[in-house]
Each structure stands twice: as structure tokens, then as C-alpha cells.
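The block underneath contains the structure these notes are about, expressed in C-alpha cells.
Start at 1 and go down the list; that is how both ligands and their atoms are numbered. Values in this document were obtained by computation on a predicted structure and should not be read as measured data.
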Amino acid sequence: MRGTAVTDTHARYDFDTVVDRRGTWCVQWDGVADRFGVDGLLPFTISDMDFRTAPEVLDALRARVEHGVFGYTTWQQDDFRSAIAHWYATRYGTEIDTGRLVYGPSVLSQLSQLLRMWTREGDGVVVHTPVYDGFRKAVTGLGRELRGVPVGDEEALERELARPDAKVLVLCSPHNPTGRVWTADELARTAGLARLHGVAVISDEIHADFVHEGSTHVPWTRVADDGRWALITSASKSFNFPALNGSYGILGDADDRTEYLRRMETAEGLASPAVLSLTAHIAAYREGGPWLDAVRSYTAGNLAFAAERLRAAFPELDWRPPQAGYLAWIDLRPLGVDDEALQRVLVEREKVAVMRGSVYGADGFVRMNLGCPRSKAEAGVAALVRALEAVR
Ligand SMILES: Cc1ncc(COP(=O)(O)O)c(C=O)c1O
């Protein structure tokens with residue numbers, strides 16, 4: 001029965017057909033030379049998908065475009081706020097206090113704003129390693145000190161949080177690039193440590209909607225207390241519209257909300273949000289659930305395919321699909337391959353672009369984006385296997 005349901009779901013949406021993104025100014029395909037030095041590579045890089053967004057989102061956008069007037073707009077309205085509350089209630093069984101919501105132009109911009117509010121230059125900002133490069137750039141770009149603790153090492157976490165100048169923990173929940181989903185117990189312990197040491201928590205939950213079967217995402221609101229914390233997120237990752245530019249956050253403290261919005265509306269000059277992003281969020285959260293389930297299960301199929309091929313070729317890797325997301329984070333260290341040599345073969349011979357682990361501070365790994373049609377995933381995984389066979 002279950003298999004039939006999944007097949008039916010896939011049949012309702014077409015993820016197999018390749019949408020040609022070339023020539024759309026997209027970073028994934030058109031910007032590949034910026035990172036890899038040459039054009040024309042098959043890209044498995046930054047985290048967006050090659051799929052059209054949900055049909056329900058497209059319909060809502062078309063209707064809004066048809067209206068034709070794109071004047072200044074506001075996020076402080078019930079359609080947006082209640083769509084978010086609906087999503088949290090139905091997907092996470094969590095009641096959101098919509099009075100705590102704030103808006104932002106992107107998750108990373110919200111992160112920077114909060115870091116500016118809650119830290120000073122030179123303060124310590126704790127992250128888990130490997131670390132999403134966007135976090136590293138935000139923290140170091142603001143002149144704050146990036147303090148890494150390995151995912152799962154709670155002793156190291158406590159040690160870093162206890163340092164007197166540690167002011168913020170930036171949690172990636174679920175974690176990019178490892179795809180790890182934090183358990184309720186882990187989050188509760190993290191919240192306890194942050195409280196004990198007076199460290200604010202910024203929980204970036206942009207990957208939360210992409211948790212695969214067998215794991216459960218717990219929003220930070222469930223473990224948060226009345227201390228200083230923020231949950232920042234967007235529907236843009238799950239529904240694949242990051243270039244519409246828009247995100248939102250939940251801030252625990254009333255004074256922090258006031259200060260955040262004051263800065264947005266004054267220093268940042270960002271009082272009016274992107275209307276197409278609001279439209280897309282509302283449609284996604286009200287009507288997009290079935291599409292999201294289908295795309296998640298489709299990409300889980302890509303990851304299962306990758307696992308099968310890697311197991312057949314290199315059993316010693318013992319590679320398993322992530323608990324969340326469509327990014328394959330692969331530890332190649334058991335093969336003893338040289339990162340430079342592997343990249344050379346991938347780019348020059350196989351003509352594929354795969355992120356090297358060093359981008360996230362982890363040599364000996366690669367991160368491969370499998371948010372794409374199965375045919376592309378198959379081509380990419382085959383190229384990776386051939387390249388590994390050539391350099392091992
Ligand atoms: C953990 C995480 N946060 C934030 C972002 C970027 O979000 P935005 O485009 O809204 O800044 C990404 C994109 O890959 C991400 O993986």
C-alpha cells in the first residue's frame with residue numbers, strides 16, 4: 001500500500017523531466033565557472049534544486065503577477081502570519097505565537113542582523129563542524145570569532161559555550177552539510193548549556209521541511225525558554241524559490257523583536273518585503289504539503305540510489321543517506337584519495353562539479369547535491385564512482 005501511495009504521489013508531479021536552467025542567470029548552472037574555473041560542467045553544487053516549484057505556488061505567483069501592481073507591501077498581515085502558524089501546526093504539531101514573528105530578506109541576512117545585535121567584534125560565535133560556508137562567511141565577515149565544535153561532541157560544545165566571550169551558538173537544525181537531525185534530547189541539552197552559560201541561540205531551520213522518514217524535526221520553540229533565542233527560516237529551500245528572496249524568524253524576547261525591526265526599518269531600509277516571496281510562502285504553506293512530500297520522497301530515491309552504487313563500488317565507505325535534505329555528504333577518507341587529484345578528474349575528465357569538503361572545513365569529503373531529476377543523479381553518481389576508481 002505504501003509503495004502505491006508513493007508512486008501515485010510521484011505520478012501527480014513530474015520530477016523526471018529535465019528543466020533546462022541554463023541561461024537563467026542561475027548560480028547552479030550558469031555560475032559554475034566562478035567556482036570550478038570552467039563552464040559547461042554538470043553541477044551538483046549549491047543547495048537549490050533543479051525542479052520547478054510546487055504547481056500551487058506557481059498558480060499563486062501567476063495570479064499575483066497578473067494583478068500587475070507591485071507597490072510597497074507589508075508582512076504584518078494575517079494571511080502571511082496565519083499561513084506560517086498553519087504550517088507549524090500541521091507539519092510539526094507546534095503552536096506558533098504569531099506575535100513573535102519577524103520578517104527578513106533572507107535567512108543569512110537575518111543571521112547577520114542578529115549577530116550584529118547580540119555580539120561585538122571579537123566575540124566568540126559557536127558553530128558545529130563541518131560548517132555551512134554561509135555561517136562561516138557571516139561570522140568572520142562581521143569580525144566575530146568562529147568557534148567550531150564537531151557535530152555530536154557535547155563536551156566540546158560545553159567547553160566552547162563556557163568561554164566568557166562566547167555570546168551566540170548558531171545551530172543548524174537539521175545540520176548542513178551532514179544532514180543530521182538533532183533529537184529532542186540533544187536540543188534540550190543544548191538549550192540547557194546555552195542557558196547555563198548565558199549564550200544566545202540562533203537556530204537556522206531552513207532544512208527542517210526536508211526531514212526523511214525515520215527522523216523527526218523538533219523546532220527550537222519546543223525547547224526554548226525565556227532567554228535570548230531566534231529561530232530563522234524560510235519556505236525557500238523546501239519549495240525551491242530562494243531567488244524570490246524572503247525569510248522569517250521567531251524571536252523569543254519582545255525587546256529583541258523591537259530592536260530587530262527597528263534596525264530593519266531604519267538602518268537597513270527594508271520595511272517593505274518582496275511581495276512575490278510573501279505570495280509564494282502563503283501558497284506553499286497553505287497548499288504545498290503534498291508537493292513537498294513528493295519531492296522529498298523523490299530525492300530520497302536519488303540518495304538511496306547513490307547509497308546503492310557507492311556500496312557496490314566501495315563497500316568500505318559504508319555510506320548511508322542523510323536523515324534530512326537532498327545533499328549527499330560523503331566521507332571519502334577510507335579510500336585515501338587526494339582531494340586535488342579527485343577534483344581534477346571530476347572537472348577535466350568527467351565534466352561534473354561537486355563541492356569539495358574543504359568548503360565546509362572538512363578535507364577528504366565531498367558534498368553532492370542530488371536535488372535533481374533521477375537521470376542527472378545517475379550521471380553524477382556514475383561520474384563520481386569512475387573518478388574515485390581512477391584516483392584511489
Ligand atoms: C543552513 C542554511 N542556511 C541558510 C541558507 C541560505 O538561506 P538564504 O538564501 O535565505 O539566505 C542555506 C542555503 O544553502 C543553508 O543551507
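Not a single heavy atom of Gln110 sits less than 4.0 Å from an atom of ligand 1. A heavy-atom separation below 4.0 Å is not found between Gly134 and ligand 1.
In this structure, atom 12 (C) of ligand 1 lies nearest to the protein heavy atom Tyr132 OH, 3.1 Å. The nearest protein atom to atom 9 (O) of ligand 1, hydrogens excluded, is given as Ser106 CB, 4.4 Å; this is a heavy-atom distance. Closest protein heavy atom to atom 3 (N) of ligand 1: Asp204 OD2, 2.5 Å. What sits closest to atom 10 (O) of ligand 1 on the protein, heavy atoms only, is Val107 N, 2.8 Å. Scanning the protein for heavy atoms near atom 11 (O) of ligand 1, the closest one is Leu108 N, 2.9 Å. Nearest to atom 7 (O) of ligand 1 among the protein's heavy atoms is Ile206 CD1, 3.5 Å.
Interface of Lys237 with ligand 1, defined as ligand atoms under 4.0 Å from a residue heavy atom, comprises 12 (C), 13 (C), 14 (O). Close approach of ligand 1 to Cys172 is summarised as follows: ligand atoms under 4.0 Å from at least one heavy atom of the residue are 1 (C).
Side chain to side chain, Tyr298 and Asp16 meet the donor-acceptor criterion of an N or O pair below 3.5 Å.
Ile46 and Leu244 fall into different hydrophobic clusters, defined by Ile, Leu, Val, Met, Phe, Trp and Tyr side-chain heavy atoms under 4.5 Å apart, directly or through other members.
A salt bridge links Glu259 with Arg262; the closest basic N to acidic carboxylate O contact falls under 4.0 Å.
Heavy-atom minimum distance, Arg64 versus Leu276: CG-CD2, 3.9 Å. Minimum heavy-atom separation, Ala294 to Tyr13: CB-CD1, 3.6 Å.
When non-hydrogen atoms are compared, ligand 1 lies under 4.0 Å from the side chain of Asn176 (C-beta onward) but not from its backbone.
Judged by distance alone, with hydrogens and angles left aside, the side-chain atoms of Thr94 form a donor-acceptor pair with the main-chain N or O of Tyr92 at under 3.5 Å. Put simply, the side chain of Asp133 never gets that close to the backbone of Val359: no donor and acceptor are under 3.5 Å apart. Remark: side-chain polar atoms of Ser106 are not paired, donor with acceptor, to backbone N or O of Asn245 under 3.5 angstrom.
In terms of polar-atom proximity, defined here as any N/O pair under 3.5 Å, Ser236 makes no such contact with ligand 1.
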